[in-house]
*Asks:* 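Can you keep this structure in mind? I'll have questions shortly.
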Amino acid sequence: MTEKPGYAQPQAPTGDADEPKSPSAPIYTAKVENLGGTSGEVRVEDGQTLPTAPTSRVEEGNNPEQFLAMAWSTCLGETLKVVLAVNEIEALSRVRVEVELHNEPSGNGFYFAPKAFISIEGVSDTDAEKYAARAHARCPISKLLMGKGTPVVEIEPYKNPDNFQLS
């Protein structure tokens, strides 16, 4: 592929000995904890600590809608790069995601309504729709959003790292 600013080659497995031996073994496990809900922070075990905030105070941190939009746009964008590469298409692409928060009609809680917008440089709308559909079908977050995953909630003993306090 041609070198283009802001474009990274799709990542392929390296064949290292620590890679999964079976299809069901994890390739990578992200470990993240939230302290304080939307009035606290999110800590990524091997990365950053990010402040969280409710939708009414986005200037103070990120909210769940933004985190979901970040995750899906990044995952779908990388999957789209792979789909384009497999089809020998050298083009820049852009994935923009909007996540709306709605009240449940029953009045009991909320739900998200996520929507992705994909554009591919120099590709017809018909071809862009075809590549976008392939990426959406392969993207792990798209699959989870379509109910093709098994989220699990488990209970563990409470720990308060760093004596965290709500601000």
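Because the structure is predicted, anything quoted here is derived from the model rather than measured. Only heavy atoms go into these numbers, but all of them, side chains included; no hydrogens, no water, no symmetry mates.
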*Asks:* Evaluate the side-chain proximity of L80 to V95: yes if any heavy-atom separation is below 4.5 Å, no if none is.
*Replies:* yes
*Asks:* Under 3.5 Å, which donor-acceptor pairs link side chains of residues 61-69 to any protein atom two or more places apart or in another chain?
*Replies:*
unit_1	atom_1	unit_2	atom_2	d
N62	ND2	Q66	OE1	3.3
N63	OD1	E65	N	3.1
N63	OD1	Q66	N	2.9
Q66	OE1	N63	N	3.0

*Asks:* Quick one: closest heavy-atom pair of A135 and T79, and the distance?
*Replies:* O-CG2, 3.4 Å
*Asks:* Report yes or no: does T38 contribute a side-chain atom to a donor-acceptor pair with the main-chain N or O of T52 at less than 3.5 Å?
*Replies:* no
*Asks:* Only counting residues at least two apart or in another chain, list the ones meeting salt bridge (Lys or Arg N to Asp or Glu O under 4.0 Å) with E129.
*Replies:* none
*Asks:* Rounded at 0.5 Å granularity, tell me how far CD in E60 sits from OG in S39.
*Replies:* 8.5 Å
*Asks:* For A128 and V123, work out which heavy atoms get closest and say how close.
*Replies:* N-CG1, 3.6 Å
*Asks:* Quick one: closest heavy-atom pair of A71 and I141, and the distance?
*Replies:* O-CD1, 3.3 Å
*Asks:* For S106, give me all partners under side-chain hydrogen bond (donor to acceptor under 3.5 Å, both in side chains), at least two apart in sequence or on another chain.
*Replies:* none
*Asks:* Group every Ile, Leu, Val, Met, Phe, Trp and Tyr by side-chain heavy-atom contacts under 4.5 Å, then state whether L101 and V97 land in the same group.
*Replies:* yes
*Asks:* Heavy atoms, side chains only, cut-off 4.5 Å: are S119 and S93 in contact?
*Replies:* no
*Asks:* Give a yes or no on whether E104 atom CD has more than 12 heavy-atom contacts from other residues, nucleotides or ligands under 6.0 Å away.
*Replies:* yes
*Asks:* Tell me whether N108 at atom CG has more than 12 heavy atoms from other residues, nucleotides or ligands lying less than 6.0 Å away.
*Replies:* no
*Asks:* By salt bridge (Lys or Arg N to Asp or Glu O under 4.0 Å), which residues pair with D162, not counting sequence neighbours?
*Replies:* R43
*Asks:* Quick one: do M70 and V44 end up in the same hydrophobic cluster if we chain Ile, Leu, Val, Met, Phe, Trp and Tyr together by side-chain heavy atoms under 4.5 Å apart?
*Replies:* yes
*Asks:* Restricting to salt bridge (Lys or Arg N to Asp or Glu O under 4.0 Å), what partner residues turn up for R94, sequence neighbours left out?
*Replies:* none
*Asks:* L145 and F110: same hydrophobic cluster, using ILVMFWY side-chain contacts below 4.5 Å?
*Replies:* yes
*Asks:* Tell me the closest heavy-atom pair linking E121 and A91, and the distance in Å.
*Replies:* O-CB, 3.3 Å
*Asks:* Between OG1 of T126 and OH of Y131, what distance do you get to the nearest 0.5 Å?
*Replies:* 11.0 Å
*Asks:* Got a sec, which residues hit ring-ring contact (aromatic ring centres under 6.0 Å, His included) with Y111, two or more places apart in sequence or on another chain?
*Replies:* H102
*Asks:* Once side chain to side chain donor-acceptor pair (under 3.5 Å) is applied, what residue pairs with a partner in residues 138-152 remain, sequence neighbours excluded?
*Replies:* W72-S142, H136-S142
*Asks:* Sequence neighbours left out, cut at 3.5 Å: what donor-acceptor pairs do the side chains of residues 26-37 make with other protein atoms?
*Replies:*
unit_1	atom_1	unit_2	atom_2	d
Y28	OH	D46	OD2	3.2
N34	OD1	G37	N	2.8
N34	ND2	G37	O	3.0
N34	ND2	E41	O	3.4

*Asks:* Tell me whether the count of non-hydrogen atoms from other residues, nucleotides or ligands lying under 6.0 Å of CD in E154 goes above 12.
*Replies:* no
*Asks:* Could you state the interatomic distance from CG (L144) to SG (C139), rounded to the nearest 0.5 Å?
*Replies:* 9.5 Å
*Asks:* For K130, give me all partners under salt bridge (Lys or Arg N to Asp or Glu O under 4.0 Å), at least two apart in sequence or on another chain.
*Replies:* D127
